[in-house]
Novice: 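Take this structure, written in structure tokens, and hold onto it; I'll ask about it next.
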Amino acid sequence: MTVAPMPFPVRFLAILALLWMGAPTPATATTHPGQAELVREVARETGKSPQALNALLDGATRQQAILDAISRPAEAKPWKDYRPIFLTEQRIADGVAFYRAHRALLEQIGRQYGVAPEYIVAIVGVETSYGRNTGKYKVLDALVTLGLYYPPRATFFREQLKELLEMPDNRLAGPIDTLTGSYAGAQGWGQFMPTSIRDFAVDADQDGHIELSNSLPDIFASVANYFVKHGWIAGGPVAAQAQPDGAARPIAVKDAKPQWPLEQLEAWGYAPLQPLSPAEPSSLQTLEGARGPEYWFTFQNFYVITRYNRSPLYAMAVDQLAQAIAAGVGQAEVAR
């Protein structure tokens with residue numbers, strides 16, 4: 001029996017079906033843009049399982065709330081609105097109580113690193129209200145959201161995500177998918193980003209594990225070490241108020257790095273309101289205060305605080321909170 005040839009359209013579809021069946025199976029789709037390349041990099045550099053890394057990332061969620069939060073940082077506020085957030089009577093009182101409760105450990109670490117203890121306390125106070133508010137977001141969600149869905153700062157946050165995935169277990173507080181922190185992915189009482197954990201965190205209690213949420217020695221020493229590694233000068237000034245004269249030269253700076261000896265700023269019309277070395281390397285910050293412009297000489301240690309957070313408002317808040325805490329501790333000692 002003669003078999004009639006298949007009509008052309010049917011033959012064409014049959015050939016396509018055979019070609020499709022013989023083609024290689026496409027790679028499994030990834031959950032997030034850029035995930036495949038990220039997994040390849042981490043697996044190549046660490047030997048970790050690509051399947052395990054993909055499973056971890058597949059469990060992360062893009063969070064719109066994180067994208068909203070990074071678009072309205074507190075540091076965008078003027079100083080007159082920013083200062084009251086951190087220089088409250090309650091935060092100062094809590095800082096004094098915290099210092100006194102942990103005085104021996106703070107002062108031992110302060111001597112070891114050359115960092116005044118009140119600055120360690122002030123960092124923890126500004127960042128997490130002395131450990132009470134370490135952040136509600138999953139760190140993995142935060143870094144996936146900002147590293148893979150936020151182009152303005154994707155390079156920085158992708159680096160943080162990569163470092164988180166590569167980090168040894170003994171440098172983290174728990175499994176990666178259980179960690180919580182800020183909307184930016186910072187962890188612990190001092191709010192360390194993954195690269196800061198890698199480079200500056202310290203196992204001060206020598207238990208073989210860096211614990212920035214539950215070990216006070218690790219927390220305090222890590223903050224102090226961060227300062228020292230960024231150039232903190234033991235006993236050096238941080239900031240001092242300046243008084244401009246009527247002919248003071250307007251000065252704009254791009255960051256807080258010291259640029260001139262103090263005597264140069266004095267020659268330009270800015271007088272210090274306290275004794276300072278004329279040769280002290282300095283810069284000048286102009287802030288929008290509640291009663292008008294405020295002028296501040298800032299020094300190397302102020303610049304170091306801006307390595308923790310680049311905003312000069314943040315550094316000023318840390319400095320003023322530290323001074324208020326030190327004064328409160330001193331007054332409590334006199335009253336005893």
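The first residue in the sequence is number 1, and the count goes up from there.
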Novice: With rounding to the nearest 0.5 Å, note down the distance linking OG in Ser182 to CD in Gln187.
Specialist: 9.0 Å
Novice: Phe156, Tyr183: one ILVMFWY side-chain cluster at the under-4.5 Å cut-off?
Specialist: yes
Novice: Where the side chain of Arg171 meets the backbone of Arg198, is there a donor-acceptor pair that is under 3.5 Å apart?
Specialist: yes
Novice: Quick one: do Asn309 and Gln191 satisfy side chain to side chain donor-acceptor pair (under 3.5 Å)? Show the steps, please.
Specialist: CA-CA 11 Å; Asn309 179 311; Gln191 294 288 275; over 6 Å; no
Novice: Can you tell me if CD on Gln64 sees more than 12 non-hydrogen neighbours from other groups inside 6.0 Å?
Specialist: yes
Novice: Check the side chains of Gln51 and Ser49 for a donor-acceptor pair under 3.5 angstrom, ignoring hydrogens and angles.
Specialist: yes
Novice: Please report the closest heavy-atom contact between Ala239 and Phe302, naming both atoms and the distance.
Specialist: CB-CD1, 4.1 Å
Novice: Taking the side chain as every heavy atom from C-beta outward, state whether Glu37 and Arg158 have any pair of such atoms under 4.5 Å apart.
Specialist: yes
Novice: Are any of the side-chain heavy atoms of Asp68 and Arg72 separated by less than 4.5 Å?
Specialist: yes
Novice: Do you know which two heavy atoms are closest between Ile70 and Pro73, and how far apart they sit?
Specialist: O-CD, 3.4 Å
Novice: Give me the atom names and distance for the closest heavy-atom approach of Ala142 to Gly185.
Specialist: CB-N, 3.7 Å
Novice: In terms of side-chain geometry, is the basic nitrogen of Asp94 or Arg132 positioned less than 4.0 Å from the acidic oxygen of its partner?
Specialist: yes
Novice: Whether the side chain of Trp296 engages the backbone of Leu284 through a donor-acceptor N/O pair (distance < 3.5 Å, no angle test) should be reported.
Specialist: no
Novice: Starting at CG of Leu164, measure out to CD1 of Ile176 and round the result to the nearest 0.5 Å.
Specialist: 4.5 Å
Novice: Give, for atom CG of Leu212 and atom CG of Leu172, the distance between the pair rounded to the nearest 0.5 Å.
Specialist: 9.0 Å
Novice: Any side-chain donor paired with an acceptor under 3.5 Å for Tyr99 and Glu107?
Specialist: yes
Novice: In terms of hydrophobic clustering (I, L, V, M, F, W, Y; side-chain heavy atoms under 4.5 Å; direct or indirect links), are Leu273 and Phe299 co-clustered?
Specialist: no
Novice: Checking Arg153 against Tyr150: charged group under 6.0 Å from the ring centre and within 45 degrees of the axis?
Specialist: no
Novice: Report yes or no: do Gln264 and Tyr270 form a side-chain donor-acceptor pair below 3.5 Å?
Specialist: no
Novice: Are any non-hydrogen side-chain atoms of Met167 and Pro194 less than 4.5 angstrom apart?
Specialist: yes
Novice: Salt bridge or not for Glu288 and Arg83, using N-O below 4.0 Å?
Specialist: no
Novice: When clusters are formed by joining ILVMFWY residues with side-chain heavy atoms under 4.5 Å apart, either directly or through shared neighbours, do Tyr149 and Leu161 land in the same one?
Specialist: yes
Novice: Assess whether side-chain contact (heavy atoms from CB on, under 4.5 Å) is satisfied between Thr306 and Asp255, documenting all intermediate values.
Specialist: CA-CA 9 Å; Thr306 67; Asp255 60 28; over 6 Å; no
Novice: Flag the pair Phe220 / Ile109 as yes when at least one side-chain heavy-atom distance between them is below 4.5 Å, and no otherwise.
Specialist: yes
Novice: Quick one: pull up CD in Glu263 and OG in Ser277 and give me the separation to the nearest 0.5 Å.
Specialist: 8.0 Å
Novice: Examine the side chains of Glu127 and Asn133 and answer whether a donor and an acceptor come within less than 3.5 Å of each other.
Specialist: no
Novice: Which one of Phe192, Tyr226, Tyr113, Tyr308 satisfies the ring pair (Phe, Tyr, Trp, His ring centres under 6.0 Å) criterion with Phe200?
Specialist: Tyr226
Novice: Looking only at side-chain N and O atoms, does Gln112 offer a donor or acceptor that is under 3.5 Å from a partner on Gln108?
Specialist: yes
Novice: Dump the intermediate steps for side-chain contact (heavy atoms from CB on, under 4.5 Å) on Thr286 and Ile251, then the final yes or no.
Specialist: CA-CA 8 Å; Thr286 304; Ile251 295 174; over 6 Å; no
Novice: Do the side chains of Trp260 and Pro281 get nearer than 4.5 Å, heavy atoms only?
Specialist: no
Novice: Determine whether the aromatic ring centres of residues His230 and Tyr303 are separated by less than 6.0 angstrom.
Specialist: no
Novice: Could you check whether any side-chain N or O of Thr134 sits under 3.5 Å from a backbone N or O of Gly131, counting only pairs where one atom can act as donor and the other as acceptor?
Specialist: no
Novice: Centre-to-centre under 6.0 Å for Tyr130 and Trp189, is that the case here?
Specialist: no
Novice: State whether a side-chain donor-acceptor pair under 3.5 Å links Gln160 with Thr195.
Specialist: yes
Novice: So Val238 and Val318, side-chain contact (heavy atoms from CB on, under 4.5 Å) or not? Walk me through it.
Specialist: CA-CA 10 Å; Val238 178; Val318 168; over 6 Å; no
Novice: Kindly check if the number of other-residue, nucleotide or ligand heavy atoms within 6.0 Å of CD (Glu89) is above 12?
Specialist: no
Novice: Testing the basics here: between Lys77 and Leu313, what is the closest heavy-atom pair and its distance to 0.1 Å?
Specialist: O-CD1, 3.0 Å
Novice: Distance from Ser222 atom OG to Ile120 atom CD1, nearest 0.5 Å?
Specialist: 10.0 Å
Novice: Is Glu159 paired with Lys162 through a side-chain N to carboxylate O contact shorter than 4.0 Å?
Specialist: no
Novice: Give a yes or no answer on whether the side chain of Thr46 reaches the backbone of Val42 with a donor-acceptor pair at less than 3.5 Å.
Specialist: yes
Novice: Could you pull out the closest heavy-atom pair between Val253 and Ser283, with the gap in Å?
Specialist: CG1-OG, 3.5 Å
Novice: Transitively linked via ILVMFWY side-chain contacts under 4.5 Å: Met316 with Tyr295?
Specialist: no
Novice: Can you check whether Arg62 reaches Leu67 side chain to side chain, under 4.5 Å on heavy atoms?
Specialist: yes
Novice: Do Leu106 and Arg103 have side chains that get closer than 4.5 Å, going by heavy atoms?
Specialist: no
Novice: Please confirm whether the backbone N or O of Trp232 pairs with a side-chain atom of Asn301, one donor and one acceptor, at under 3.5 Å?
Specialist: no
Novice: Under the 3.5 angstrom rule, does the side chain of Asp203 hit a backbone N or O of Asp207 as a donor-acceptor pair?
Specialist: yes
Novice: Are Gln63 and Thr61 packed together at the side-chain level, in the sense that at least one heavy-atom pair is separated by less than 4.5 angstrom?
Specialist: yes
Novice: Cluster question for you: counting only ILVMFWY and a side-chain heavy-atom cut-off of under 4.5 Å, with indirect links fine, are Trp268 and Leu287 together?
Specialist: no
Novice: So, the side chain of Lys48 versus the backbone of Leu165: is there a donor-acceptor pair under 3.5 Å, distance only?
Specialist: yes
Novice: Any carboxylate oxygen within less than 4.0 angstrom of a Lys/Arg side-chain nitrogen, looking at Arg310 and Glu75?
Specialist: no
Novice: Could you give the distance from OG (Ser129) to CZ (Arg91), rounded to the nearest 0.5 Å?
Specialist: 4.0 Å
Novice: Kindly give the heavy-atom pair with the smallest separation between Ala204 and Asp218, and that separation in Å.
Specialist: N-OD1, 2.8 Å
Novice: Compute whether any side-chain donor of one residue and acceptor of the other, for Asp205 and Ser215, lie under 3.5 angstrom apart.
Specialist: yes
